[in-house]
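Comments concern the structure below.
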Amino acid sequence: MRYSRYFLFTSKEKPTGAHCMSHSNLLRGCFVSQLAAGIYSFLPLGFRVLKKVWKIIEEEMDRIGALEVLMPAIHPSDLWEKTGRWETMDNVMFKFQDKKGTKMVLGTTHEEIITDIVSKFVKTYKNLPLLLYQIQVKFRDEIRPKGGLIRAREFIMKDLYSFHTSWECLDRTYEEVYKAYIRIFKRLGIPVEVVEAFSGPIGGDVSHEFMVITEAGEDKFAKCTLCGYSASTEIAQIQKKQISYQYKPIGNIQKIHTPNVSSVKQLVDFLNRKETDFVKSILYRSGGKYILVLIRGDKEVNDIKLSKFLGSDFSLAEEDDFTKIGSVKGFIGPIGLENKVQIVADYSVYGLKNIIVGANEKDYHYVEIDYDNILISDFYDLAIVNDGDVCPKCGGEYKIYPSLELGHIFKLGTKYSEPLGAFFTDKDGKVKPIIMGCYGIGVSRILSAIVEMYSSEGSTTWTFNTAPFFVELITINVDDENQYNVSENIYNQLINSDIEVIWDDRKESAGVKFKDWELIGIPLCLVVGAKISRNIVELKFNPRFGKTLPESEARKLIPEGLSVELDVSEVLPTIKNVYTSLNKIYNEK
RNA sequence: CGGGGUGUAGCUCAGACUGGUUAGAGCGCGUGCCUUGGGAGCACGAGGUCCGCGGUUCAAGUCCGCGCACCCCGACCA
């Protein structure tokens, strides 16, 4: 490809509105272009990268026997109503009506559709197991899209669905998909962490997320520094505590004036105490009862953990609930409410002495309270884990990492097959619901993830299998006939050797060409300049390309100083050699 | 949904507070010269519904009202 004929309009300036590096680089490198909030076009260069990611996913899906389909992006409401998700996913759905007034939705995901398809055709155990997947556009009307492709409202996703006669069979497929995902991310050059995860409204009980560690993400996971166990902070538990608790009502209670000071943060400043000297009290309604949850001031309640204890039907109390139980929002505390609410505490409250709690009176707190002065009905693990919390597997310490979710695999069971009537006749002649799994990968998001991994502002680095071209050929002075002719010759040789090359044949200054090379993230750069009079050209490596490789390989392939001078006759063999070595690392069966 | 910000040339932004000729800069774009190993230089030039609608005024990019879009923080998020 000749640069002069390509669609490539790079930007020297950092775009406004791009607040993370990958977003900025993808815009500046002319990979994508924004149409509306969270809605992007893939431009020729970006689409090349997308297709490369796409292809690797297809290859690995093929390898586990999954069959590719393409389902509609527009769905009528009926299937969604059958599973109840017309309501439960309403907050992210783009809904509209067709000209007949039929309710429609832009597909947020495709469990309903694929299950419907399978239910029409698969009637016997003889046709199972079955794996179907697609790479398709998904629509989610996120309230706040951000980070470019990281959280978009229209995005590309790979979704695989598996269908089984038994849980054992699902388990085996789940394992295979897990391994396929590991291979996919390895081939893409993305270091992923697999973490146990919450399966959420999609259903099922087991799930794993494939995360990359980056500040640009929107999730967090906890990893044990000792045994390596890791889990999303949505579900990460801590080691159970031995509780030996006896209620000792306090005789002489001390109250202090805290005018208009209610949040822990404000109290810390006002009283000059530590966050851990406070116990927060959070009031919930559940099944007509009130539950007061106590938690140490530095911690946050994990609603998912709480729902295990309260059931799914609970909500935060509102203003008038506080009045009903004789308390005040902002100053609620456990002492004095013993008869009106059930009091449960997070483990973090256990053993605390000389703490401060709300006095159920506007502008007042109680001080010098011990944990056993509070009537607590039970202690549970209810908090979102922090650094230093104790791993339930080995007693080691957790560390929390910011992360971006690239893949998520679920065991669904019969959540969709039953309501949508996907049944099969088993060997024993009985009709049973098909057991399902589903497995997603955020394909477009992967582009952002790779850029976040290895690039810096204004200088992108793609990995071997994702780089839009393998070599950028730069001719310093295209008016120099010798430089031009040698370049053209090398360009043709590379094409004939199936090495993807973009030739910067523009009449631009050298600086412009080098900056663009770095911005668009091509691994190798071959420079044809004045030294061509001595038959010498220079081969340069992208500044961070080595980081995308295993260290030993990087040492072997990449010269010190990232650059080497070559005789023209050595160019093709050298590039081919690097290409073959990398291909072996990333694409060997 | 709450809080905040922004909207002027293709891009990044000044001008607005205190209304007043023909609305500016840098970059980019075009032409010519020069230059060709890290976004070079000189000259000339093209390019604007100042987000939209309404209002105040002799006069609105500027003031007022309504709306829209985009961005940020929070809430939300298979």
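Residue numbers start from 1 in every chain, and the chains themselves are labelled A, B, ... in the order their sequence lines are given, proteins ahead of strands.
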Identify all pairs in which a protein N or O lies below 3.5 Å from an N or O of nucleotides 71-76 of chain B, and state each distance.
unit_1, atom_1, unit_2, atom_2, d
B:C71, OP1, A:Gln34, NE2, 3.1
B:C71, O2', A:His19, NE2, 3.2
B:C73, OP2, A:Arg144, NH1, 2.8
B:C73, OP2, A:Arg144, NH2, 3.1

Which protein N or O atoms sit under 3.5 Å from an N or O of nucleotides 47-49 of chain B?
none

Are any protein N/O atoms closer than 3.5 Å to N/O atoms in nucleotides 39-41 of chain B? If there are, list each pair with its distance.
unit_1, atom_1, unit_2, atom_2, d
B:G39, O2', A:Lys12, NZ, 2.5
B:G39, N1, A:Asp516, OD1, 3.2
B:G39, N2, A:Asp516, OD1, 3.3

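Whole-Å rounding puts the A:Glu154 CD to B:C77 C1' distance at 18 Å. Taking atom CD on A:Gln483 and atom C1' on B:U35, their separation rounds to 13 Å, with Å as the unit. A:Asp90 places its CG atom 13 Å from the P atom of B:C77, with the value rounded to the nearest Å. B:C77 atom P lies 16 Å from atom NZ of A:Lys220, rounded to whole Å. Taking atom CD1 of residue A:Ile520 and atom P of nucleotide B:G38, one finds them 19 Å apart after rounding to whole Å. Note: OH (A:Tyr484) to C1' (B:U36) measures 16 Å, nearest angstrom. For the pair A:Asp141 CG and B:C1 C1', the interatomic distance rounds to 13 Å; values are reported in whole Å.
Pair assignment for B:C1: B:G74, on the basis of Watson-Crick or G-U wobble contacts that are both within less than 3.5 Å. B:G26 is paired with B:C11 under the criterion used here, namely a Watson-Crick or G-U wobble arrangement in which both key atom distances are under 3.5 Å. Using Watson-Crick or G-U wobble geometry with both donor-acceptor distances under 3.5 Å, B:C34 finds no partner in any strand shown. Across the strands present, B:A46 finds no partner; the criterion is a Watson-Crick or G-U wobble pair with both atom distances under 3.5 angstrom. Pair assignment for B:A59: none, as no Watson-Crick or G-U wobble contacts are both less than 3.5 Å. Look at B:C66: its Watson-Crick or wobble partner, with both distances under 3.5 angstrom, is B:G52. For B:G19, there is no paired nucleotide, since no Watson-Crick or G-U wobble pair has both relevant distances below 3.5 Å.
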Problem - Chi angles and distances behind the side chain to side chain donor-acceptor pair (under 3.5 Å) call for A:Arg28, A:Thr460 - result: CA-CA 10 Å; A:Arg28 290 179 59 181; A:Thr460 300; over 6 Å; no
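Looking only at atom types and distance, the side chain of A:Asp159 has a donor-acceptor partner in the side chain of A:Gln134 under 3.5 Å away. For the residue pair A:Tyr3 and A:Asp516, a side-chain donor N or O sits within less than 3.5 Å of a side-chain acceptor on the partner. A:Glu112 and A:Thr83 share a side-chain donor-acceptor pair at under 3.5 Å.
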For residues 13-21 of chain A, tabulate all N or O donor-acceptor pairs below 3.5 Å that involve a side-chain atom, not counting sequence neighbours.
none

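Within the 4.0 angstrom heavy-atom criterion, no nucleotide atom of any strand lies near A:Asp159. Within 4.0 Å (heavy atoms only), A:Val92 reaches no atom of the nucleic acid at all. Backbone-only contact: A:Thr16 has heavy atoms under 4.0 Å from sugar-phosphate atoms and none from a base. Within 4.0 Å of A:Phe155, counting heavy atoms only, lies at least one base atom of the nucleic acid. Nucleic acid contact for A:Met157: base, since at least one base atom lies under 4.0 Å from a heavy atom of the residue.
The aromatic rings of A:Phe469 and A:Tyr6 sit perpendicular to each other, their planes meeting at more than 60°, with 30° as the lower class boundary. In this pair, A:His408 and A:Phe410 present their aromatic rings parallel. The plane angle is below 30°, not in the 30 to 60° band. Ring geometry for A:His110 against A:His75 counts as perpendicular: the plane angle is over 60°, on a 0 to 90° scale with 30° as the lower cut.
Qualifying side-chain hydrogen bond (donor to acceptor under 3.5 Å, both in side chains) partners for A:Gln34, counting only residues two or more places apart in sequence or in other chains: A:Tyr40. A:Lys547 is linked by a salt bridge (Lys or Arg N to Asp or Glu O under 4.0 Å) to nothing, counting only residues two or more places apart in sequence or in another chain.
Only the C1' atoms considered, B:G54 is 36 Å distant from B:C76, to the nearest whole Å. B:G48 and B:G4: their P atoms are spaced 36 Å apart (whole Å). Distance check on atom C1': B:C44 versus B:C66 gives 46 Å, rounded to whole Å. B:G15 and B:U56 have their P atoms separated by 29 Å, with the value rounded to a whole Å. Across B:C64 and B:U18, the matching P atoms stand 10 Å from one another, rounded to whole Å. For the P atom pair drawn from B:C27 and B:G39, the interatomic distance equals 14 Å after rounding to whole Å. When the P atom is used for both B:A46 and B:U31, the distance is 15 Å, rounded to whole Å. Rounded to a whole angstrom, the distance from the P atom of B:G61 to that of B:G2 is 33 Å.
Residue A:Glu111 forms a side-chain hydrogen bond (donor to acceptor under 3.5 Å, both in side chains) with just one option from A:Thr108, A:Thr115, A:Thr109, and that option is A:Thr109. The ring pair (Phe, Tyr, Trp, His ring centres under 6.0 Å) test with A:Phe221 singles out one residue from A:Phe210, A:Phe198, A:Tyr401, and that residue is A:Tyr401.
Salt-bridge formation is not detected for the pair A:Glu472/A:Lys513: no Lys NZ or Arg NE/NH1/NH2 atom is positioned less than 4.0 Å from an Asp or Glu carboxylate oxygen.
Side-chain N or O atoms of A:Asp387 include one that pairs as donor or acceptor with a backbone N or O of A:Ile400 at under 3.5 Å.
Nearest-nucleotide positions on RNA chain B for A:Lys531 and A:Glu405 put A:Lys531 closer to the 5' end.
Below the 3.5 angstrom threshold, one finds no donor paired with an acceptor across the side chain of A:Glu13 and the base of B:G28.
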